[in-house]
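Structure first, commentary second.
Since the model is a prediction, treat every value here as computed from it, not as a measurement.
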Amino acid sequence: MHKLFLIVASISSAITVALGAFGAHTLKRYVSADLLNTFETGVRYQFYHSMALFIVAILFEKYNSKYTVYAGNSFILGIILFSGSLYLLTFLNSTENIGIRKIGIITPFGGLFFILGWLSLAWSVYKKT
């Protein structure tokens with residue numbers, strides 16, 4: 001499982017760099033400062049939790065438990081739901097063709113998965129010691 005987490009973390013990190021560059025060099029010409037801030041929040045949290053996924057992958061060898069797997073899976077779901085919804089929200093608002101007005105309701109669920117990931121990681125370490 002740790003190999004999968006390393007692969008996902010690597011790909012997610014590459015995507016984060018690409019999206020960050022896109023936001024800094026291209027997107028800022030097309031969206032308001034508020035929307036750019038929303039997009040940058042998604043990028044920042046994706047980066048943080050990509051690094052967290054690397055940590056989970058590395059710790060998996062020493063703290064191999066279902067809670068370590070829960071932590072990694074929670075970080076992946078959090079990235080998809082939290083950051084993904086912020087990217088989608090930015091895109092929909094920038095096109096002024098907001099077909100899914102309630103997309104922002106997904107973001108807090110992503111945040112809950114981030115929290116669950118950190119708590120699962122803590123529990124995994126606690127149970128092993």
Aromatic plane relationship, Phe82 with Tyr45 - under 30° parallel, 30 to 60° tilted, over 60° perpendicular: tilted
Mutual orientation of the aromatic rings belonging to Phe75 and Phe114 [parallel < 30°, tilted 30-60°, perpendicular > 60°]: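 Taking Phe114 first and then Phe75, their aromatic rings sit tilted (interplane angle of 30° to 60°).
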[X], [Y]: one ILVMFWY side-chain cluster at the under-4.5 Å cut-off?
X: Phe5; Y: Ile11; answer: no
X: Tyr63; Y: Ile76; answer: yes
X: Leu36; Y: Leu86; answer: no

Residue Tyr87 excluded, over 12 heavy atoms near OH under 6.0 Å: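 Yes, the 6.0 Å shell around OH holds more than 12 heavy atoms from other groups.
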Separation between NE2 of His49 and CD1 of Ile80, rounded to the nearest 0.5 Å: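 Answer rounded to 0.5 Å: 13.5 Å.
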Pairwise side-chain contact, Ser50 with Ile79, heavy-atom cut-off 4.5 Å (strictly under): yes
Donor-acceptor side-chain pairing of Thr90 and Thr38 below 3.5 angstrom: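 On atom types as modelled, these side chains do not qualify, holding no pair under 3.5 Å.
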Side-chain H-bond candidate by donor/acceptor type, Ser120 with Ser74, under 3.5 Å: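 No, no side-chain donor-acceptor pair sits under 3.5 Å.
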Test applied, side-chain hydrogen bond (donor to acceptor under 3.5 Å, both in side chains); reference residue, Gln46; option that passes from Ser83, Ser12, Ser13: Ser12
Minimum heavy-atom distance between Lys62 and Lys128, given as atom pair plus value: O-CE, 3.3 Å
